[in-house]
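Down below is the structure, laid out as structure tokens.
Scope of the values below: all heavy atoms of this structure, side chains included, with no hydrogens, waters or symmetry mates. We count residues from 1, following the sequence as given.
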Amino acid sequence: MTARLNLFADPVAVKAWKHIIAASKALGESTLPASTRELVMLRASQINGCAGCIDMHTKDAAAAGETAVRLHLVAAWREATVYTDAERAALLLTEEATRIADAAGGVSDEVWANAAKYFNDEQLAALVTQIALINAFNRGNVMVQTPAGDYQPGSLQH
């Protein structure tokens, strides 16, 4: 199957996605732990149903040393005991920010304050940016993928 649209065939789309990809890569320079970034990207991608990003971030996290147990339990992180309090705070922020339309006021003060207990301002900025960017990638992929079940690796890569 082919994608509905080749985003890389349009010069304006190429220019825009290059900036988004560059922004995502810049986050690797932040002090936010890489493992937290991967867990956040995986969880948002699960919520958004983005097979391409779930596939990529599971593989990237495993290659970076993440354990299979922790990767398998991301979807049920609330019940799992394998995550640190900081990772749990990041995952909760990810869920509220990804499901922003489901929360009348957006991200709650309680969730924000909890994340701020574990992350400094620089890390919070990276976390917020990472969540926003993975949601952009997820939405781009989900829109241009062929119908469910036809996932082909190689969608928008970030």
Side-chain angles (χ1 to χ4, degrees), residues 7 12-13 15-145 148 151 155-158:
L7 290 174
V12 173
K15 191 176 198 179
W17 281 105
K18 280 185 178 182
H19 287 290
I20 293 170
I21 291 165
S24 185
K25 289 182 179 184
L27 292 173
E29 299 172 17
S30 77
T31 60
L32 183 66
S35 59
T36 301
R37 289 189 309 110
E38 287 297 337
L39 292 173
V40 160
M41 290 187 285
L42 179 56
R43 184 64 190 128
S45 299
Q46 290 171 337
I47 292 166
N48 290 322
C50 183
C53 291
I54 293 168
D55 179 56
M56 178 173 39
H57 294 297
T58 300
K59 289 174 181 172
D60 288 350
E66 191 61 74
T67 68
V69 170
R70 285 171 44 93
L71 290 173
H72 292 304
L73 291 173
V74 170
W77 65 268
R78 284 180 176 80
E79 293 80 28
T81 59
V82 298
Y83 303 105
T84 67
D85 289 342
E87 290 167 338
R88 297 171 79 72
L91 289 165
L92 185 56
L93 181 62
T94 300
E95 288 192 0
E96 279 206 8
T98 300
R99 293 181 168 137
I100 202 160
D102 297 339
V107 173
S108 70
D109 289 340
E110 178 181 79
V111 167
W112 183 263
N114 188 44
K117 286 191 319 191
Y118 301 102
F119 302 103
N120 63 33
D121 285 351
E122 177 192 337
Q123 292 168 324
L124 284 169
L127 187 56
V128 166
T129 304
Q130 186 67 77
I131 294 166
L133 289 172
I134 191 59
N135 275 284
F137 280 110
N138 291 162
R139 283 155 173 77
N141 274 331
V142 169
M143 281 188 277
V144 301
Q145 286 182 105
Y151 162 69
S155 304
L156 288 173
Q157 300 293 308
H158 45 96

Can you see which heavy atom on V142 is nearest to which on G49, and at what distance?
-> CG2-O, 3.9 Å
Measure across H19 and K15 and return the closest heavy-atom pair with its distance rounded to 0.1 Å.
-> CD2-O, 2.9 Å
Quick one: OG1 on T98 to CG on N135, what's the gap to the nearest 0.5 Å?
-> 4.0 Å
Got a donor-acceptor contact below 3.5 angstrom from the E38 side chain to the S35 backbone?
-> no
Who passes side chain to side chain donor-acceptor pair (under 3.5 Å) against R78, sequence neighbours left out?
-> E95
Measure from the side-chain N and O atoms of Q130 to the backbone N and O of R37, and report whether any donor-acceptor pair falls under 3.5 Å.
-> no
To the nearest 0.5 Å, atom CZ of F119 lies from atom CG of L93 at 8.5 Å
Donor-acceptor contact present, side-chain E96 to main-chain S108, <3.5 Å = yes
In terms of heavy-atom contacts, I100 and G106 come closest through CG1-CA, 3.9 Å
Distance col, row E87:CD vs T94:OG1, nearest 0.5 angstrom, shows 11.5 Å
Are any side-chain N or O atoms of T58 and backbone N or O atoms of D55, one a donor and one an acceptor, separated by less than 3.5 Å?
-> no
Inter-residue atom distance R139.CZ - M143.CE, 0.5 Å rounding | 8.5 Å
Nearest non-hydrogen partners of W17 and A136, listed with the distance | CH2-O, 3.5 Å
Has the side chain of N48 got a donor or acceptor atom that lies under 3.5 Å from a matching backbone atom of A44?
-> yes
Go through the steps for L39 and W77 under the test side chain to side chain contact (heavy atoms under 4.5 Å, CB included), then give the verdict.
-> CA-CA 10 Å; L39 292 173; W77 65 268; over 6 Å; no
When rounded to the nearest 0.5 angstrom, what is the spacing between CD1 in I134 and CG in N141?
-> 8.5 Å
Pair L71-L42, side chain to side chain contact (heavy atoms under 4.5 Å, CB included): steps then yes or no | CA-CA 8 Å; L71 290 173; L42 179 56; 3.9 Å; yes
Shortest non-hydrogen separation from Q123 to P33 and the atoms involved | NE2-CD, 4.4 Å
Can you check whether M41's main-chain N or O pairs, donor with acceptor, with S45's side chain at less than 3.5 Å?
-> yes
Report yes or no: does Y83 contribute a side-chain atom to a donor-acceptor pair with the main-chain N or O of R70 at less than 3.5 Å?
-> yes
CG of D109 to CG of N114, rounded to nearest 0.5 Å, is 12.5 Å
Does N120 reach the main-chain N or O of E122 with its side chain, forming a donor-acceptor pair under 3.5 Å?
-> yes
